Amino acid sequence: MFDPVLSFVAAVGQRSLQSVREVGYHFALLVEGFYWLIFGRWRRQPVRLAAIFKEAVGVGVEAIPIVALASFAIGMMLAIQGIYSLRTFGAEGQVVLGIAMSVTREFAPLITGIFVAGRSGSAIAARIGTMQISQEIDALRVIGINPVRYLVAPLLAAMLLTMPALTILSDLVALFSGALYCAGELSLPIGIFFQRTFEILVAQDVLHGVLKSLIFAVIVTLIGAANGFNVSAGAEGVGRATTRSVVLGCIGIILADMVFTFLTSR
Amino acid sequence: MTADLAIDVSHLVTHYGSRKILDDVNVQARQGEIMVIMGGSGSGKSTLLRHLLGLHRPTSGSIKLLGRDITKLNADAMFDLRKNMGVAFQGGALFNSMTVGENVELPLREHTKLDENTIRIMSRMKLEVVNLAGFEDLMPSELSGGMIKRAALARAIVMDPKLLFFDEPSAGLDPVVSAELDELILTLRDAMNMTIVVVTHELESAFKIADRITVLDQGKILMSDTVAALRASEQPRIMSLLNRTPRHDVINADEYMPCTGSPGIAPRATPTSRTSQTLPESRKARW
């Protein structure tokens, strides 16, 4: 009678233990990543600027079109929904407030984070995972190159640089598309839209979004890298790590967003 | 006597989880010697190699490379020692995102402050040594199996290491290419006085290049001696190893393992180094 209960409890315990271990691994990876970024120079293993820029192009610059497109759609969607719902109160004019606040505080960092997680989180996991199974990680170590310093630290720096930049780009594009729709629907000139937006917004709103994007940058990098390093079962393992890093990355971003917003916006 | 030992492993015991892989292994190699490590799949030879490379921590025992015990070295000292070690992995382990030239140049870029031109010239020279001059701009995916091994060898020797480790140089190669690699290994020893450790299945190749052969069996050293002594050995397992033709070596090596079954056509042995990678504990412990 107790057996199913016991095995259930054991399974829950093992799962929890595994989760705690995984969180610990991510944290260790984070600490080591920052350690190499800051102290690498003194340990004769500097994180090279060229490597950071190369990664920044991959995770940041190349993500511009897709993030811009998504932000454009989000801005327009917010304007449509905003006008639709505010019309109930006859307060269509207030739509600028709604768009400005929700884009800068919420939608721009979130949509950027999720797109970067989808694009780069999977790429990081696949790249490191493939290197793991083809012994390239071992090769790095025997050459005397710390894999975290060489693979993770430049990525972390690149993500921390490009994610806020992408978020601000997303802010601008979404506001612009919102303004476009308002210009058509409410005959509100684009110039006036932006003027009112800047009156409403305080620096803190934008900063709120940018800070969130920094947290998302860390989450995407760590989840991608940790899943990559833990690949063990050949090509299938790489596939699993890729899927896992996208799913966990997106969920991580949404959960972190909720916690951060809860802690800072009340 | 101990002064000129380039490799001195004593009482090495290693585990994966609770399973003992190597049991009281003692191996020595002098400077300028080629030591071949032989043994069937699961005998622990790849595990021994990975410990020699400092990729895992042993349970007990010491591993002295060039007089320094790597089980006790701190990260900085290990970093320095690695400049004197070159490794050619079984699958080459070339970085797929870089060209062949960049692969060979990487250790120089990371460990030296040489200018761009010198780095180019040095890597080109090493590629010439392995007969791959002019292949700098190709990607590893564009090379054949033999070329990948040679390129990996070029990367391994680009720092002129005192110790060179070579995992299964002939695995997956045709006899001609494999013979060429053997010649290359001999040349490296003679020209650069390197101490070379080769892990192999191939008897023929082992006899051709070895100064000393270490035979591992179920995690223990069966014999570690010169080629002549190995040939004269009356140890039954070693005799059964020698009495086969070299072509059947792979099967034979598997056959003397109690865990493998039929002596028919055994599948090509999966490298233990790969198997050892599948253990997450070892991985998580050290990136």
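Just so it is clear: chains get the letters A, B, ... in the order the sequence lines come, proteins before strands, and each one is counted from 1. Every value quoted in this text rests on a predicted model; they were computed, and no experiment measured them.
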**Q** Give the interface residues of residues 71-80 of chain B toward chain A, defined by a heavy-atom separation under 4.5 Å.
**A**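 Within residues 71-80 of chain B, near chain A: Ala75(B), Asp76(B), Phe79(B), Asp80(B).
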**Q** Applying a criterion of heavy atom separation less than 4.5 Å, what residues of residues 92-104 of chain B form contacts with chain A?
**A**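 At a heavy-atom separation under 4.5 Å, chain A is reached by Ala93(B), Leu94(B), Phe95(B), Asn96(B), Met98(B).
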**Q** With sequence neighbours left out, what residues match Glu136(B) under side chain to side chain contact (heavy atoms under 4.5 Å, CB included)?
**A**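 Glu136(B): side chain to side chain contact (heavy atoms under 4.5 Å, CB included) contacts with Arg124(B), Leu127(B).
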**Q** Inspect the contact between Lys162(B) and Glu33(B) and indicate whether a charged nitrogen and a carboxylate oxygen are less than 4.0 angstrom apart.
**A**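 Salt bridge between Glu33(B) and Lys162(B), a charged N being under 4.0 Å from a carboxylate O: no.
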**Q** Under a 4.5 Å heavy-atom cutoff, which of His111(B), Arg155(B), Met85(B), Met159(B) has the most pairs with chain A?
**A**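 Heavy-atom pair counts peak at His111(B).
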**Q** To the nearest 0.5 Å, tell me how far Leu108(B) CG sits from Glu110(B) CD.
**A**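 Result: 10.5 Å between the selected atoms.
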**Q** Given side chains that start at C-beta, do those of Leu66(B) and Ile7(B) come closer than 4.5 Å, heavy atoms only?
**A**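 A side-chain contact is absent here, since even the closest heavy-atom pair is not under 4.5 Å.
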**Q** Between the main-chain N or O of Ile70(B) and the side-chain N or O of Lys64(B), is there a donor-acceptor pair closer than 3.5 Å?
**A**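 Checking the backbone N and O of Ile70(B) against the side chain of Lys64(B), no donor-acceptor pair under 3.5 Å is found.
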**Q** Mind checking the CG-OG spacing from Leu53(B) to Ser46(B)? Nearest 0.5 Å is all I need.
**A**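 One gets 10.0 Å once the value is rounded to the nearest 0.5 Å.
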**Q** From Thr195(B) OG1 over to Leu188(B) CG, what is the distance, rounded to the nearest 0.5 angstrom?
**A**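 Rounded to the nearest 0.5 Å, the OG1-CG separation comes to 12.0 Å.
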**Q** Just by modelled atom types, is the Ile253(A) backbone N or O under 3.5 Å from a matching donor or acceptor in the Asp257(A) side chain?
**A**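 Answer holds: no.
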**Q** Can you list, pair by pair, the side-chain donor-acceptor contacts under 3.5 Å of residues 58-68 of chain A, counting residues two or more places apart and other chains?
**A**
none

**Q** Tell me, side chain or backbone of Arg48(A) under 4.5 Å from chain B's heavy atoms, or both, or neither?
**A** side chain
**Q** Please name the pair of heavy atoms, one in Thr221(A) and one in Ala217(A), separated by the smallest distance, quoted to 0.1 Å.
**A** OG1-O, 2.7 Å
**Q** Heavy-atom distance under 4.5 Å to chain B: side chain of Ile143(A), backbone, both or neither?
**A** both
**Q** Using only atom types and a distance under 3.5 Å, with no angle test, would you say the side chain of Arg41(A) pairs donor to acceptor with the backbone of Pro46(A)?
**A**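 Not confirmed, Arg41(A) side chain does not pair with Pro46(A) backbone.
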